[in-house]
Colleague: 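Please see the structure below; I have some questions.
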2 protein chains.
Amino acid sequence: MIEPTVSRNFEPDIPDIVIRRLPIYVRTLRALQESGIANVSSDQLAELIGVTAAQIRRDLSYFGKFGKQGKGYDTFHLEQAISQILKLDHKWDVALAGFGSLGHAIAHYRGFEPSSFRIAAIFDRNPEQLGRQIDGVTIMSDRCIAGEVARLGIQIGIIAVPAANAQDVAAALVEGGIHALINYAPVVLKTPPNVLVREIDPIGALQSMTYYLEGEHE
Amino acid sequence: MIEPTVSRNFEPDIPDIVIRRLPIYVRTLRALQESGIANVSSDQLAELIGVTAAQIRRDLSYFGKFGKQGKGYDTFHLEQAISQILKLDHKWDVALAGFGSLGHAIAHYRGFEPSSFRIAAIFDRNPEQLGRQIDGVTIMSDRCIAGEVARLGIQIGIIAVPAANAQDVAAALVEGGIHALINYAPVVLKTPPNVLVREIDPIGALQSMTYYLEGEHE
DNA sequence: TAGATTGTTAATCGATTAACAATC
DNA sequence: TAGATTGTTAATCGATTAACAATC
């Protein structure tokens with residue numbers, strides 16, 4: 001919901017929903033390589049991911065031809081190709097706003113090494129956190145957000161602050177030149193149309209699942 | 001992606017995408033009430049949420065008539081009605097698998113009090129964590145998952161373990177009788193069709209955003 | 001060559017939007 | 001009553017799927 005108004009890319013017109021599926025293809029192709037599997041058909045890949053083979057072929061066709069008829073796809077080459085399309089072949093600096101337990105979890109996440117992302121700045125409102133070093137990054141005050149983001153030329157921000165501060169923090173990040181935001185706060189952010197926002201909303205996910213569950217528990 | 005095959009609910013046929021929007025309506029209506037606003041039109045609500053008024057009215061029409069022509073919606077009554085549809089009017093026990101920094105952040109999250117969810121069981125693989133008490137809940141071994149979930153009659157699970165263990169943990173939770181899963185692990189889980197799975201995938205979100213960003217950073 | 005599987009088009013399906021009669 | 005806004009239907013838009021000719 002609340003899908004991005006994208007204005008930075010001028011590819012013909014590739015649906016955002018296709019772009020959002022590409023990371024799953026990359027992930028699965030990497031897992032296959034690690035299992036020593038050099039080749040997959042769209043049927044096999046579909047089975048692993050839980051989608052249809054037609055969807056995979058259709059998705060890929062937006063970007064070119066990556067397979068061989070009768071053979072399928074080379075896991076290494078297809079992964080490289082999609083990684084390049086997503087620009088995952090170089091590192092991106094990320095600004096993390098909020099260093100509570102969620103921010104801590106984000107900063108310490110090592111589920112994806114080597115990763116294309118690096119926490120290059122951390123901000124927190126709590127004075128006790130200020131000056132603390134995390135992997136060589138010094139936690140700074142929220143008041144430094146715009147200046148520091150601009151100074152470092154950071155394009156991606158993660159909002160992990162309480163709902164009440166999320167809008168102000170978002171505004172500061174945008175002021176600093178951020179173009180893409182991951183928002184963990186349960187708040188609809190007001191941002192300019194050239195800023196891409198993706199919501200991470202586990203509470204919303206929980207709240208929508210109970211609809212399907214059996215009634216009177218507890 | 002990988003949408004749920006739902007088999008527990010037999011409502012005519014309300015699209016899951018509509019169900020997934022309802023928590024945002026609830027959240028926004030609660031915020032309005034806290035601001036002392038007793039009434040909203042679909043236009044105002046749409047503006048706040050960033051969707052169209054037509055979509056809101058259409059979504060609500062799946063469940064009944066909640067507004068008054070010429071007047072709009074009573075924020076209290078509409079929130080109550082949607083909360084009831086989502087079954088948020090009573091508490092749900094949740095099993096948390098994984099008590100690393102992510103599990104810790106989930107267990108300590110207080111962004112939504114009073115919440116309809118209560119962490120009623122915590123499991124971790126790390127022997128050092130075992131026996132530790134978190135809000136009156138004792139961390140237990142992964143080996144206890146199925147038994148404990150069954151004993152407590154828990155229907156909802158959260159997977160916050162490393163990718164490598166996620167499938168096993170999911171299987172144990174399902175064995176214990178879990179019907180709904182929130183999955184933070186970057187892995188496509190294999191679950192029976194009557195189990196609802198929602199993916200929380202911040203890394204995927206990041207990886208799909210770089211597609212839209214300007215090239216050669218770093 | 002024969003068999004398998006891609007890439008692509010057209011058909012289908014589903015979700016969003018626009019419009020407006022009903023009605024508070 | 002007049003004005004505003006709902007609830008709902010039909011039109012539009014977009015995404016998924018099925019099918020198959022191309023080709024490795």
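Numbered from 1 within each chain, the chains take letters A, B, ... in sequence-line order.
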Colleague: Output the rounded distance in Å from CZ (B/Phe63) to C1' (D/dT8).
Modeller: 16 Å

Colleague: Side chain of B/Ser35, backbone of B/Ile37: donor and acceptor closer than 3.5 Å?
Modeller: no

Colleague: Show which side-chain atoms of residues 49-59 of chain B pair as donor or acceptor with protein atoms under 3.5 Å away, not counting sequence neighbours.
Modeller:
residue : atom : partner : partner atom : Å
B/Thr52 : OG1  : B/Gln55 : N            : 3.1
B/Arg57 : NH1  : B/Ser42 : OG           : 3.0
B/Asp59 : OD1  : B/Arg21 : NH2          : 3.1
B/Asp59 : OD2  : B/Arg21 : NE           : 2.7
B/Asp59 : OD2  : B/Arg21 : NH2          : 3.4
B/Asp59 : OD2  : B/Tyr25 : OH           : 2.6

Colleague: Looking only at side-chain N and O atoms, does A/Arg198 offer a donor or acceptor that is under 3.5 Å from a partner on B/Ser208?
Modeller: yes

Colleague: Nearest whole angstrom, please: distance from the P of C/dT5 to the NZ of A/Lys65.
Modeller: 19 Å

Colleague: In whole Å, I'd like the distance from the CD1 atom of A/Ile14 to the C1' atom of D/dG14.
Modeller: 15 Å

Colleague: Nearest-Å distance, CG (B/Leu60) to P (D/dT6)?
Modeller: 10 Å

Colleague: Where do B/Ala95 and B/Val149 come nearest, in terms of heavy atoms and distance?
Modeller: CB-CG2, 4.1 Å

Colleague: Applying side chain to side chain contact (heavy atoms under 4.5 Å, CB included), name anything that partners B/Glu148, two or more places apart in sequence or on another chain.
Modeller: B/Phe123, B/Met140, B/Arg151, B/Leu152

Colleague: Under a 4.0 Å heavy-atom cut-off, which of residues 75-84 of chain B touch DNA chain D?
Modeller: none

Colleague: Just by distance, do the side chain of A/Asn183 and the backbone of A/Val187 share a donor-acceptor pair under 3.5 Å?
Modeller: yes

Colleague: Just how far, in rounded Å, is P of D/dT16 from CD1 of A/Ile49?
Modeller: 14 Å

Colleague: Dot-bracket for DNA chain D, 5' to 3', counting Watson-Crick or G-U wobble pairs under 3.5 Å, with [ ] for crossing pairs and | for inter-strand pairs?
Modeller: ..||||||||||||||||||||||

Colleague: Who are the salt bridge (charged side-chain N to carboxylate O under 4.0 Å, His left out) partners of A/Asp201, not counting sequence neighbours?
Modeller: B/Arg27

Colleague: Which is it for B/Arg125 and B/Asp142 under the salt bridge (charged side-chain N to carboxylate O under 4.0 Å, His left out) test, yes or no, and what are the steps along the way?
Modeller: CA-CA 5 Å; B/Arg125 198 177 42 141; B/Asp142 275 12; 5.2 Å; no

Colleague: Listed by chain and number, what are the side chain to side chain contact (heavy atoms under 4.5 Å, CB included) partners of B/Ala146, not counting sequence neighbours?
Modeller: B/Glu175

Colleague: Would you find more than 12 non-hydrogen atoms of other residues, nucleotides or ligands less than 6.0 Å from B/Arg30 atom CZ?
Modeller: yes

Colleague: Would you say A/Glu79 and A/Ser83 are linked by a side-chain donor-acceptor pair, where the criterion is simply a distance under 3.5 Å?
Modeller: yes

Colleague: Keeping to residues at least two apart or across chains, list the salt bridge (Lys or Arg N to Asp or Glu O under 4.0 Å) pairs with something in residues 31-46 of chain A.
Modeller: none

Colleague: Expressed in angstrom and rounded to an integer, what is the separation of A/Asp59 atom CG from C/dT8 atom C1'?
Modeller: 14 Å

Colleague: Can you give me the closest heavy-atom contact between A/Val197 and A/Leu189, atom names plus distance?
Modeller: CG1-CD1, 4.4 Å

Colleague: Can you pull out the residues from residues 26-47 of chain A that lie within a 4.0 Å heavy-atom distance of DNA chain D?
Modeller: none

Colleague: Once you round it to whole Å, what is the distance between C1' of C/dG14 and CG of B/Asp13?
Modeller: 11 Å

Colleague: For residues B/Glu214 and A/Gln155, is any side-chain donor paired with an opposing acceptor at under 3.5 Å?
Modeller: no

Colleague: Mind checking ring-ring contact (aromatic ring centres under 6.0 Å, His included) for B/Phe99 and listing every partner two or more places apart, or none if nothing turns up?
Modeller: B/His104

Colleague: Show the atom names and distances, to 0.1 Å, of all donor-acceptor pairs under 3.5 Å that link a side chain in residues 157-167 of chain B to residues at least two apart or in another chain.
Modeller:
residue  : atom : partner  : partner atom : Å
B/Gln167 : OE1  : B/Lys190 : N            : 2.8
B/Gln167 : NE2  : B/Lys190 : O            : 3.1

Colleague: Round to the nearest Å and state the distance from A/Ile56 atom CD1 to D/dT16 atom P.
Modeller: 12 Å

Colleague: Please list, pair by pair, any protein nitrogen or oxygen found under 3.5 Å from a nitrogen or oxygen in nucleotides 18-20 of chain C.
Modeller:
residue : atom : partner : partner atom : Å
C/dA19  : N6   : B/Arg57 : NH2          : 3.3

Colleague: Contacts to DNA chain D from residues 67-74 of chain B, heavy-atom cutoff under 4.0 Å, which residues?
Modeller: B/Gly67, B/Lys68, B/Gln69, B/Gly70, B/Lys71, B/Gly72, B/Tyr73

